[in-house]
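Written below as structure tokens is the structure these notes are about.
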Amino acid sequence: MTITDLIQSATIAAIQELYGETIPAEQAAPTVTRKEFEGDYTIVTFPFTRFAKKKPGEIAEELGAHLVKNVPQLDRFNVVQGFLNLVVSDVFWTDFLAQIADNQDFGQLPKNGKKVMIEFCSPNTNKPLHLGHVRNILLGWSCSQICEAAGYEVKKVQVINDRGIAICKSMLAWQKFGNSATPESTGTKSDHFVGDYYVLFEQKFQEEYKAWQASADGQQILGEKRKADQSDEQFFKDFKNTYFNEYSLLGKEAREMLLLWEAHDPSTIALWKRMNQWVYDGFEETFHNLGVSFDKYYYESETYLLGKDIVEQGLAAGVFYKKEDGSVWADLTDAKLDHKVVMRSDGTSVYITQDLGTAQMRYHDFGADKVVYVVADEQNYHFQVLFEILKRLGEPYAAGLHHLNYGMVDLPTGKMKSREGTVVDADDLISEVIAEAREASKERGEIAELTKPEQEDILRKIGLAALKFHIIKVTPQKRMVFDPKESVDLQGQTGPHIQYAYVRIKSVLRKAGEQLAVGSWQLAAGYSNLQPQERELIAQLYRFPATVETAANNYDPSEIANYCYDLAKAFHRFFTDLSILKAETEEAKAFRLQLCAAVANVLKTGMGLLGIEMPERM
RNA sequence: GGCCCCGUAGCUCAGCGGAUAGAGCAUUUGCCUUCUAAGCAAAUGGCCCCUGGUUCGAGUCCAGGCGGGGUCACCA
């Protein structure tokens with residue numbers, strides 16, 4: 001039982017005893033006392049005036065006296081207005097610290113026997129990963145780490161869109177213009193290599209389109225179809241898709257390639273496999289650099305035909321209905337979601353059909369109690385529909401489905417647009433933040449005497465910490481502005497600031513040397529009269545498991561990020577104000593070393609949940 | 001237009017019904033002969049988008065507006 005639970009139940013009992021009233025639990029829930037007042041936890045007594053018929057201050061006095069008398073962990077109290085501030089005894093805190101100081105697993109909640117599957121990243125294979133994927137990956141990864149810490153068994157999966165017209169464009173461009181070049185022969189990272197051909201296709205297509213616009217055919221179409229209020233330029237912009245599908249030679253070739261692929265044409269399949277493999281190799285390198293991995297990959301080429309049997313079942317069960325043309329629909333109007341096609345009139349699947357099938361297949365593969373889809377908020381409607389249909393189909397896992405939606409990442413200059421070349425590439429971003437860390441490190445010179453590989457390892461950790469923390473600290477649902485300049489900041493509310501707290505501790509612990517022998521920490525138990533900076537730190541540490549739990553429940557890594565920052569901030573304050581190795585007494589020294597060890601532990605675990613590694617020096 | 005998300009300091013963000021709304025960046029000023037100054041302390045900076053309502057108490061909950069974004073394909 002936690003101290004807050006203890007205070008809560010004692011408060012309920014006290015109110016019952018003093019005023020004969022049974023209050024709801026939430027009215028007895030203690031909050032953390034604000035820093036400007038003395039105390040650790042606070043009970044608000046305003047709600048009790050109704051039945052106690054006394055002033056809030058009076059109630060607080062009576063309740064405070066009662067609690068301190070009956071709860072041994074409470075030392076004293078004070079009253080400000082109607083606020084009852086409770087002071088937890090030093091012994092409680094020092095006991096708690098002794099329990100966790102050497103416990104590497106502090107913050108790991110007991111196994112709950114439940115499984116959660118988290119799907120994230122899920123890229124297309126026609127171009128490299130970009131900043132949007134980075135936010136997705138960081139969210140998905142930290143979410144899975146947090147769920148594990150909260151006691152779940154976690155499976156990390158992604159669904160790779162390896163088929164369709166987009167990859168065919170890359171394939172066609174390579175075939176026509178590639179001259180058998182390879183990533184090796186050109187020295188290009190292999191996913192970028194494939195992406196370059198996608199871009200090349202778009203260029204060639206634009207050239208073709210431009211030429212067509214000036215041709216007699218183009219001018220004739222313009223004359224026939226342009227609307228009165230449309231400029232020539234605007235018309236051709238709007239007409240692009242139609243041109244691609246009905247007039248373009250390149251478009252025709254790309255679509256033919258897709259048909260060949262669907263017909264399992266051996267040479268097309270071979271080319272497809274070869275180019276996709278290049279992309280996968282490139283992706284793996286990026287995943288590795290970001291420090292993430294997956295347990296299982298699903299490929300749309302293997303799942304895109306799934307879901308048809310579900311449609312049949314749904315029809316039989318009356319969840320779906322068939323129109324005269326043979327298309328199958330779900331009527332979700334009573335859930336405020338409109339009608340939705342689940343199968344085309346020609347009997348082929350649509351996007352959501354595939355998702356229905358994939359959901360079922362994965363349930364059979366893994367049997368998850370919860371499935372979390374990390375997908376940007378532009379697909380909110382899609383997931384509402386998907387979940388609603390699965391619910392109506394009576395799927396056993398329907399109640400555990402969750403869409404972890406997140407806002408798009410904008411640049412200070414506005415939205416990222418591939419057309420305008422403003423997309424921030426993931427690999428570039430990673431090398432930039434590390435380069436920035438290298439520059440800053442040169443000026444400091446702290447790690448100059450280490451070997452080159454050791455230095456590079458540290459710089460990588462610092463750079464990635466800056467990048468990852470900058471992204472993960474923002475509430476997922478918020479659209480965020482990503483300023484590359486700020487993402488490499490190493491000071492203030494940043495990853496490196498937190499790493500620095502850890503590094504300072506490690507430095508002190510190294511200097512303390514043999515005094516870290518297990519026995520010597522017994523001295524810490526003799527320490528009393530905790531300083532405010534020490535109390536603040538311990539109280540923060542105490543909050544860690546609860547923070548892990550709420551972050552897991554809310555699927556919100558930013559709560560862990562903010563917690564780590566607060567803890568580091570409190571540590572820096574403590575470190576500046578109080579001497580550790582030259583503490584006033586041996587007891588104080590032992591206690592502070594123990595406190596340092598515990599803080600280091602929690603910082604390492606907490607940042608680990610965000611996928612951020614800690615260096616030993618910086 | 002229907003539905004969903006967002007609106008807090010110049011900028012980027014916390015705040016999850018309680019006290020005088022907090023951090024970081026930016027600007028200004030102190031603090032390294034002592035455990036790593038990637039730090040600490042201080043100053044400056046706010047019609048918490050607006051209007052009503054619920055409540056002892058609202059940035060927080062509810063309703064209606066306003067502003068920004070997303071989405072409403074037999075695309076994925």
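Here is the naming used below: chain letters follow the sequence lines, and residue numbers restart at 1 for every chain. The structure displayed is predicted, hence computed values, not measured ones.
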> Under 4.0 angstrom, heavy atoms only, what part of the nucleic acid is Ile352(A) near: base, sugar-phosphate, or nothing?
Replying inline: nothing
> Just checking Pro47(A): base, sugar-phosphate only, or nothing, at a heavy-atom cut-off of under 4.0 Å?
Replying inline: base
> Phosphate oxygens OP1/OP2 of A41(B): is one of them under 4.0 Å from a side-chain N or O of Arg573(A)?
Replying inline: yes
> How would you label the contact of Thr42(A) with the nucleic acid (heavy atoms, under 4.0 Å): base, sugar-phosphate, or nothing?
Replying inline: base
> Phe469(A) has an atom CZ; how far is it from atom P of A23(B), in whole Å?
Replying inline: 16 Å
> So what does Glu436(A) touch, heavy atoms closer than 4.0 Å: a base, only the sugar-phosphate, or nothing?
Replying inline: nothing
>> Taking pairing as Watson-Crick or G-U wobble with both contacts under 3.5 Å, can you name the mate of C31(B), or confirm there isn't one?
In response: G39(B)
> Does C72(B) have OP1 or OP2 sitting under 4.0 Å from an N or O in the side chain of Lys340(A)?
Replying inline: no
> With the threshold set at 4.0 Å, does a side-chain nitrogen-carboxylate oxygen contact exist between Glu388(A) and Lys340(A)?
Replying inline: no
> Is a salt bridge present between Glu446(A) and Arg504(A), judged by a nitrogen-to-oxygen distance below 4.0 Å?
Replying inline: no
>> Once you apply a heavy-atom cut-off of 4.0 Å, does Val44(A) come out as touching a base, just sugar-phosphate, or nothing?
In response: base
> So does Arg444(A) reach the base of U36(B) with its side chain, donor to acceptor, closer than 3.5 Å?
Replying inline: yes
>> Closer than 4.0 angstrom, basic N to acidic O: yes or no for Arg592(A) and Glu584(A)?
In response: yes
> Between Phe83(A) and A19(B), do the rings stack, that is, sit under 5.5 Å apart with planes less than 30° off each other?
Replying inline: yes
>> Tell me the interatomic distance from Glu486(A), atom CD, to A23(B), atom C1', rounded to whole angstroms.
In response: 14 Å
> To the nearest Å, how far apart are Asp338(A) CG and A73(B) C1'?
Replying inline: 12 Å
>> Is there, by distance only and without an angle test, a donor paired with an acceptor across the side chain of Asn85(A) and the base of A19(B) below 3.5 Å?
In response: yes
>> Would C32(B) be called syn or anti here, given the cut-off of 90° from 0?
In response: syn
>> Please determine whether a side-chain nitrogen or oxygen atom of Thr576(A) lies at a distance below 4.0 Å from atom OP1 or OP2 of A41(B).
In response: no
>> Hydrogens and angles aside, do Glu534(A) and Tyr527(A) bring a side-chain donor and acceptor to less than 3.5 Å of each other?
In response: yes
>> OP1 or OP2 of G69(B) versus the side-chain N and O atoms of Arg479(A): is any pair under 4.0 Å?
In response: no
>> Heavy atoms only, 4.0 Å cut-off, all strands: where does Gln81(A) land among base, sugar-phosphate and nothing?
In response: nothing
> Lys478(A) side chain N/O closer than 4.0 Å to the phosphate oxygens (OP1, OP2) of U12(B)?
Replying inline: no
>> Can you see if the side chain of Lys35(A) gets near the phosphate of G22(B) - specifically, an N or O under 4.0 Å from OP1 or OP2?
In response: no
> Could you give the CG-to-P distance, from Asn380(A) to G70(B), as a whole number of Å?
Replying inline: 13 Å
> How long is the line joining CG of Asn562(A) and C1' of C13(B), in whole Å?
Replying inline: 8 Å
>> Closer than 4.0 angstrom, basic N to acidic O: yes or no for Asp457(A) and Arg460(A)?
In response: yes
